[in-house]
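Worksheet: one structure, shown below.
Just the heavy atoms: all of them, side chains too, but no hydrogens, waters or symmetry mates, feed the values below. Everything numeric in this text was worked out from a predicted model, so none of it was measured. Nothing fancy with the numbering, it's 1 onward along the sequence.
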Amino acid sequence: VQLVESGGGLVQPGESLRLSCVISGFSFDEYAVAWFRQVPGKEREGYEGVSCISSNYGSDYSAEFAKGRFTMSREAAKNTVYLEMNSLRPEDTAVYYCAADSVANMCLVMYGLDHWGTGTLVNVSS
């Protein structure tokens with residue numbers, strides 16, 4: 001299984017970015033796919049869950065800071081998930097990681113997903 005993120009970069013506060021994650025070698029018969037983030041230099045604080053979608057539609061997740069600003073979606077034909085981020089703030093600066101698991105309910109725990117990408121850096125600064 002391979003996950004490859006892209007779309008990060010430097011933006012000003014209030015601007016938008018769309019992150020992409022292409023997933024290969026993974027079966028979507030049952031799935032949970034999530035976005036996490038980690039602030040550079042604060043690795044000891046671990047990963048922060050951002051959003052998660054799954055094949056169990058009652059199990060999706062969105063962090064409080066993401067509600068109303070971030071939207072996660074999946075394009076099945078391209079095996080790609082997206083994270084559309086609007087109204088970005090300096091505190092959104094982080095490395096964003098895509099993760100996947102074959103257990104749909106992993107969105108309910110947001111911990112221990114099996115497969116991870118290497119991340120893409122989002123820097124929100126004026």
Taking the six-membered ring for Trp, are Phe36 and Trp116 ring centroids under 6.0 Å apart?
-> yes
Value rounded to 0.5 Å, distance of CG in Asp29 from OG in Ser55 = 8.5 Å
Considering non-hydrogen atoms only, spot the tightest contact between Leu121 and Ala94 and give its length.
-> CD1-O, 3.6 Å
Would Tyr82 and Leu113 show up in the same hydrophobic cluster when neighbours are defined by side-chain heavy atoms closer than 4.5 Å?
-> no
Closest approach of Ser59 to Asn105 (non-hydrogen atoms, all atoms of both residues) | OG-OD1, 3.2 Å
In one Ile/Leu/Val/Met/Phe/Trp/Tyr side-chain cluster, 4.5 Å: Phe70, Val11 | yes
Answer with yes or no whether the hydrophobic clustering places Val124 together with Val95; edges join I, L, V, M, F, W, Y residues whose side-chain heavy atoms lie under 4.5 Å apart.
-> no
Report yes if some heavy atom in the side chain of Asp60 is under 4.5 Å from a heavy atom in the side chain of Ser54; otherwise report no.
-> yes
Just by modelled atom types, is the Ala104 backbone N or O under 3.5 Å from a matching donor or acceptor in the Glu30 side chain?
-> yes
Honestly curious: do Val103 and Tyr61 fall in one hydrophobic cluster under the side-chain, below-4.5 Å linking rule?
-> yes
Below 4.5 Å, heavy atoms only, C-beta onward: do Phe26 and Asp101 meet side chain to side chain?
-> no
Can you list the steps and then say if Thr120 with Ser6 is a side chain to side chain contact (heavy atoms under 4.5 Å, CB included)?
-> CA-CA 6 Å; Thr120 185; Ser6 62; 5.6 Å; no
If you take all heavy atoms of Met106 and Ala32, which pair is closest and at what distance?
-> CB-CB, 4.0 Å
ILVMFWY cluster, Val81 and Leu3 together (side-chain gap under 4.5 Å) | yes
dist Glu15:CD -> Leu88:CG (nearest 0.5 Å) comes out at 8.5 Å
Taking side chain as C-beta onward, heavy atoms only, is Val33 less than 4.5 Å from Met72?
-> yes
Less than 4.5 Å apart, any side-chain heavy atom of Asp92 and any of Met85?
-> no
Between OG on residue Ser51 and CD on residue Glu84, distance to nearest 0.5 Å | 12.0 Å
Gly49 versus Met110, closest heavy-atom pair with distance = CA-CE, 3.7 Å
Is the shortest heavy-atom distance from the side chain of Ser125 to the side chain of Leu10 under 4.5 Å?
-> yes
State whether a side-chain donor-acceptor pair under 3.5 Å links Tyr96 with Glu5.
-> no
Looking at Leu83, Thr93, Leu19, which hits side chain to side chain contact (heavy atoms under 4.5 Å, CB included) with Val122?
-> Leu19
Would a 4.5 Å heavy-atom cut-off, applied to side chains only, mark Phe28 and Asn79 as touching?
-> yes
Cation-pi check, Arg89 to Phe65: give yes when NZ or CZ is under 6.0 Å from the six-membered ring centre and within 45° of the ring axis, no otherwise.
-> no
Going by the side chain to side chain donor-acceptor pair (under 3.5 Å) test, name the single residue among Lys42, Gln38, Arg37 that passes it with Glu48.
-> Arg37
Are Tyr97 and Tyr47 close enough that their ring centers fall under 6.0 Å?
-> yes
Minimum side-chain heavy-atom gap Val39-Glu45 below 4.5 Å = no
